[in-house]
Amino acid sequence: MTVRTRFAPSPTGSLHVGGARTAIFNWLFARHAGGQFILRIEDTDRTRSTEESIQEITDAMEWLGLDWDEGPFRQSDRLDIYQKIANELLESGHAYKCYVTSEELEEKRKEAQSKGDVLRYKREWAKLNEAPDEPYVIRLQTPDEGTIEVQDSLRGTVTFDAVEVDDFVILKRDGFPTYNFAVVVDDATMNITHVIRGDDHLINTPRQVLIYNALSYDIPKMAHVSMILGADNKRLSKRHGATSVVAYKDKGYLPEAIINFLSRLGWSHGDQEIFTKTELIEKFTLDNVGKSAAVFNEEKVEWLNSWYIKNEPPEKIAGLVLPLLKEKGLDVELDEKLIKIVIELSQRAKTLNDIADMIGYFYAEEIKYDEKAANKFLTPEILPILQDITDRLSQLSDFNMDEMHKIFDQVMEERELKLGKIAQPVRVALTGGTVSPGIFEVMDILGKDEVIKRLNSAISVIPDEEVSNET
RNA sequence: GGCCCCUUCGUCUAGCCUGGCCUAGGACGUAGCCCUCUCAAGGCUAAAACACGGGUUCGAAUCCCGUAGGGGCUACCA
């Protein structure tokens with residue numbers, strides 16, 4: 001039997017990193033086994049499901065490179081199936097119609113709560129079948145005693161007391177199935193062999209086991225993975241800042257980094273930290289999945305992202321940065337210059353956006369000097385040195401880094417200065433600030449004409465001697 | 001409250017199943033040093049954990065029991 005896994009998000013928002021991790025595990029498991037990965041949209045909550053969410057989720061999955069073999073199926077398209085099966089359950093006596101309204105139940109629930117009890121609906125009220133014209137829900141008739149066992153690949157056998165499980169609704173008043181019912185029907189009819197999902201569903205599983213049994217379906221292998229928590233150890237939510245996959249995309253993260261990071265949350269392979277997708281597929285097994293909850297570590301994703309920015313081919317990074325530059329209104333091409341810049345800036349960037357933010361001076365028509373930097377380094381004392389360097393550089397016929405180095409060495413020697421004394425003013429002249437890649441690299445990227453032009457501009461703004469102290 | 005799950009450095013984790021090799025390893029982050037034209041990157045080093053209490057055993061992070069703490073669920077949400 002070929003392995004079939006699924007990812008079944010509910011479209012009530014964009015793809016969450018927790019959901020993404022579940023998707024990744026399922027995808028990895030299927031790919032590792034050479035099986036299929038199915039995408040199913042659980043949109044049975046009519047009030048919360050939205051069309052935009054579906055789009056956002058599939059977009060995010062595509063961006064991550066999690067391709068699915070079947071789907072996206074929508075539960076809302078399968079209503080007739082659930083209704084048919086619910087009716088079969090009705091006929092076989094496993095389920096019954098219930099006319100009690102949610103309002104009535106809510107009241108009972110409050111009443112029980114005030115007494116310190118928990119309301120467990122076990123068909124103890126009338127109105128079950130008494131009003132054939134009234135709207136009703138269908139409930140599963142659950143056992144009153146005994147235990148229900150759940151076999152979990154990660155946690156072993158988990159035993160629940162049958163009294164804990166009430167006669168839960170499988171088909172709502174509006175004809176939509178409830179989560180537990182739809183999941184079972186879908187997983188069974190879609191021939192899902194392995195269900196890998198969040199820990200929060202473990203408690204639902206005995207209910208689902210009951211449905212599987214009532215329908216005489218085979219129960220797939222279950223694995224409940226622990227949840228991802230925020231830094232405060234609480235379930236990860238919007239309060240923790242960026243939690244959606246798109247938010248990371250927008251911040252300039254690479255899908256490789258997100259996949260790598262999320263895979264390592266709850267799963268490991270010895271001491272290895274960096275994994276290509278191929279390696280993940282090759283190495284991923286449930287055996288190496290841990291049982292405890294994992295805190296989402298912002299610094300570590302950032303580190304991974306900066307690692308990928310440094311190690312992915314610069315052409316690729318340049319291609320990804322290009323649209324960001326266009327957005328900034330820069331007239332840039334994906335050419336050799338951009339690639340050279342990316343090689344330098346990627347050493348200093350944590351995100352693609354960082355590169356876009358740092359790149360400005362390479363393409364600026366006019367350099368804007370940082371005030372502090374200019375005051376400190378573009379001074380009358382430095383003027384002769386800048387002039388000297390400019391003269392010598394302009395005489396270079398072959399403007400390469402070796403030659404530039406020689407010139408700087410000569411100036412250093414003649415004037416008995418350290419490189420830092422010369423490089424900083426030149427840096428300010430060329431970039432406007434005190435932070436940049438190596439000065440020779442910057443000159444190499446800018447090219448002779450631009451370097452000379454910028455040096456001359458800088459020289460022109462340096463006040464003559466200490467006489468005048470304005471402009 | 002009830003039920004279920006979980007518990008190794010601040011965080012992600014290795015080790016646990018199949019007790020001794022653990023003086024508990026790696027990574028992020030933090031600190032220091034080196035490199036150095038700035039900023040980074042890189043290299044090296046350091047501080048940092050077996051939740052607690054009982055067993056079992058010659059020997060326990062590893063097995064058992066209890067306690068504490070954390071998380072989840074408790075819907076005609078998923």
Side-chain angles (χ1 to χ4, degrees), chain A residues 8-12 42-45 47-49 75 98 100-102 105-106 109 113 116-120 135-139 150 152 154-155 158-161 163-166 168-180 182-183 197-206 224 226-227 229 231 233-235 261 264-274 287-288 290-304 306 310 344-350 358 373 377 408 412 418-428 431 433-440 442:
Chain A
S10 57
T12 55
E42 309 219 321
D43 58 350
T44 53
D45 184 339
T47 55
R48 294 200 305 151
S49 299
Q75 293 184 323
C98 171
V100 179
T101 64
S102 9
L105 268 181
E106 192 50 42
R109 200 167 278 129
Q113 228 163 37
D117 282 342
V118 180
L119 179 74
R120 291 200 194 81
Y136 58 86
V137 299
I138 298 180
R139 289 180 183 271
V150 171
D152 186 279
L154 257 34
R155 300 164 204 278
V158 183
T159 307
F160 296 85
D161 217 321
V163 282
E164 298 292 334
V165 179
D166 61 356
F168 57 97
V169 173
I170 57 174
L171 207 67
K172 304 183 217 173
R173 196 169 290 256
D174 63 3
F176 273 60
T178 56
Y179 165 72
N180 285 118
V183 178
R197 82 228 301 192
D199 206 0
D200 47 339
H201 290 296
L202 181 55
I203 207 116
N204 284 316
T205 314
H224 291 92
S226 280
M227 323 210 57
L229 273 25
N233 275 311
K234 298 271 183 252
R235 185 196 196 126
F261 174 71
R264 281 283 287 100
L265 240 38
W267 174 83
S268 62
H269 185 263
D271 286 341
Q272 191 171 345
E273 296 287 349
I274 305 288
D287 293 342
N288 301 315
K291 293 191 279 193
S292 47
V295 173
F296 191 90
N297 188 179
E298 208 78 46
E299 286 91 20
K300 196 155 183 177
V301 221
E302 197 174 66
W303 170 75
L304 272 166
S306 67
K310 285 179 203 58
E344 294 305 321
L345 293 185
S346 57
Q347 296 307 309
R348 295 149 238 266
K350 296 203 184 302
M358 291 187 287
F377 293 107
F408 273 64
M412 280 159 63
K418 298 235 260 182
L419 180 54
K421 282 283 176 203
I422 309 175
Q424 274 311 73
V426 172
R427 174 169 284 113
V428 176
T431 70
T434 53
V435 173
S436 85
I439 198 65
F440 301 113
V442 171

Name all residues meeting the ring pair (Phe, Tyr, Trp, His ring centres under 6.0 Å) criterion together with H269(A); count only those two or more places apart in sequence or in a different chain, and write none if there are none.
none
Every protein N/O lying under 3.5 Å from an N/O of nucleotides 34-41 of chain B:
{"residue": "C37(B)", "atom": "O2", "partner": "R427(A)", "partner atom": "NH1", "Å": "3.3"}
{"residue": "C37(B)", "atom": "O2", "partner": "R427(A)", "partner atom": "NH2", "Å": "2.6"}
{"residue": "C37(B)", "atom": "N3", "partner": "I439(A)", "partner atom": "N", "Å": "3.1"}
{"residue": "U38(B)", "atom": "O4'", "partner": "Q424(A)", "partner atom": "OE1", "Å": "3.3"}
{"residue": "U38(B)", "atom": "O2'", "partner": "T434(A)", "partner atom": "O", "Å": "3.0"}
{"residue": "U38(B)", "atom": "N1", "partner": "R427(A)", "partner atom": "NH1", "Å": "3.4"}
{"residue": "U38(B)", "atom": "O2", "partner": "T434(A)", "partner atom": "O", "Å": "3.2"}
{"residue": "U38(B)", "atom": "O2", "partner": "S436(A)", "partner atom": "N", "Å": "2.9"}
{"residue": "U38(B)", "atom": "O2", "partner": "S436(A)", "partner atom": "O", "Å": "3.1"}
{"residue": "U38(B)", "atom": "N3", "partner": "R427(A)", "partner atom": "NH2", "Å": "3.2"}
{"residue": "U38(B)", "atom": "N3", "partner": "S436(A)", "partner atom": "O", "Å": "2.4"}
{"residue": "U38(B)", "atom": "O4", "partner": "S436(A)", "partner atom": "O", "Å": "3.4"}
{"residue": "U38(B)", "atom": "O4", "partner": "G438(A)", "partner atom": "N", "Å": "3.1"}
{"residue": "C39(B)", "atom": "O2", "partner": "R348(A)", "partner atom": "NH1", "Å": "2.9"}
{"residue": "C39(B)", "atom": "N3", "partner": "R348(A)", "partner atom": "NH1", "Å": "2.5"}
{"residue": "A40(B)", "atom": "O2'", "partner": "Q347(A)", "partner atom": "O", "Å": "2.9"}
{"residue": "A41(B)", "atom": "O4'", "partner": "Q347(A)", "partner atom": "O", "Å": "3.3"}
{"residue": "A41(B)", "atom": "O2'", "partner": "Q347(A)", "partner atom": "OE1", "Å": "3.3"}

side-chain hydrogen bond (donor to acceptor under 3.5 Å, both in side chains) filter on D161(A), not counting sequence neighbours, yields none
Show the distances under 3.5 angstrom between N or O atoms of the protein and N or O atoms of nucleotides 75-78 of chain B.
{"residue": "A75(B)", "atom": "OP2", "partner": "R109(A)", "partner atom": "NE", "Å": "3.3"}
{"residue": "C76(B)", "atom": "O2", "partner": "R173(A)", "partner atom": "N", "Å": "2.9"}
{"residue": "C76(B)", "atom": "N3", "partner": "R173(A)", "partner atom": "NE", "Å": "3.0"}
{"residue": "C76(B)", "atom": "N3", "partner": "R173(A)", "partner atom": "NH2", "Å": "3.4"}
{"residue": "C76(B)", "atom": "N4", "partner": "V100(A)", "partner atom": "O", "Å": "2.7"}
{"residue": "C76(B)", "atom": "N4", "partner": "S102(A)", "partner atom": "N", "Å": "3.1"}
{"residue": "C76(B)", "atom": "N4", "partner": "R173(A)", "partner atom": "NE", "Å": "3.4"}
{"residue": "C76(B)", "atom": "N4", "partner": "R173(A)", "partner atom": "NH2", "Å": "2.3"}
{"residue": "C77(B)", "atom": "OP2", "partner": "K172(A)", "partner atom": "NZ", "Å": "2.7"}
{"residue": "C77(B)", "atom": "O2'", "partner": "D45(A)", "partner atom": "OD2", "Å": "2.5"}
{"residue": "C77(B)", "atom": "O2'", "partner": "R48(A)", "partner atom": "NH2", "Å": "3.3"}
{"residue": "C77(B)", "atom": "O2", "partner": "R48(A)", "partner atom": "NH2", "Å": "3.2"}
{"residue": "A78(B)", "atom": "OP1", "partner": "T44(A)", "partner atom": "O", "Å": "3.4"}
{"residue": "A78(B)", "atom": "OP1", "partner": "T44(A)", "partner atom": "OG1", "Å": "2.3"}
{"residue": "A78(B)", "atom": "OP1", "partner": "D45(A)", "partner atom": "N", "Å": "3.4"}
{"residue": "A78(B)", "atom": "OP1", "partner": "K172(A)", "partner atom": "NZ", "Å": "3.0"}
{"residue": "A78(B)", "atom": "OP2", "partner": "Y179(A)", "partner atom": "N", "Å": "2.9"}
{"residue": "A78(B)", "atom": "O3'", "partner": "E42(A)", "partner atom": "O", "Å": "3.4"}
{"residue": "A78(B)", "atom": "O3'", "partner": "E42(A)", "partner atom": "OE1", "Å": "3.1"}
{"residue": "A78(B)", "atom": "O2'", "partner": "S10(A)", "partner atom": "OG", "Å": "3.2"}
{"residue": "A78(B)", "atom": "N6", "partner": "N204(A)", "partner atom": "OD1", "Å": "3.1"}
{"residue": "A78(B)", "atom": "N6", "partner": "N204(A)", "partner atom": "ND2", "Å": "3.1"}
{"residue": "A78(B)", "atom": "N1", "partner": "N204(A)", "partner atom": "ND2", "Å": "3.3"}

Sort out the partner of A41(B) for me: Watson-Crick or G-U wobble, both distances under 3.5 Å, none otherwise.
none
Determine the minimum heavy-atom distance between L304(A) and E273(A), stating which atoms define it.
CD2-O, 4.3 Å
Could you pull out the protein-nucleic contacts involving nucleotides 26-28 of chain B (nitrogen or oxygen on both sides, under 3.5 Å)?
{"residue": "G26(B)", "atom": "N2", "partner": "E273(A)", "partner atom": "OE2", "Å": "3.0"}
{"residue": "A27(B)", "atom": "O4'", "partner": "E273(A)", "partner atom": "OE2", "Å": "3.2"}
{"residue": "A27(B)", "atom": "N3", "partner": "K300(A)", "partner atom": "NZ", "Å": "3.3"}
{"residue": "C28(B)", "atom": "O2'", "partner": "E299(A)", "partner atom": "O", "Å": "3.4"}
{"residue": "C28(B)", "atom": "O2'", "partner": "K300(A)", "partner atom": "N", "Å": "3.3"}

In Watson-Crick or G-U wobble terms, both distances under 3.5 Å, what is the partner of U67(B)?
A51(B)
Hits for side-chain hydrogen bond (donor to acceptor under 3.5 Å, both in side chains) against R48(A), two or more places apart or cross-chain, chain-then-number order -> D45(A)
Just the rounded figure in Å: distance from C1' of C12(B) to NZ of K291(A).
18 Å
Using a strict cut-off of less than 4.0 Å between a Lys/Arg side-chain nitrogen and an Asp/Glu carboxylate oxygen, indicate whether R235(A) and D199(A) qualify as a salt bridge.
no
With both distances under 3.5 Å as the test, what is the Watson-Crick or G-U wobble partner of C28(B)?
G10(B)
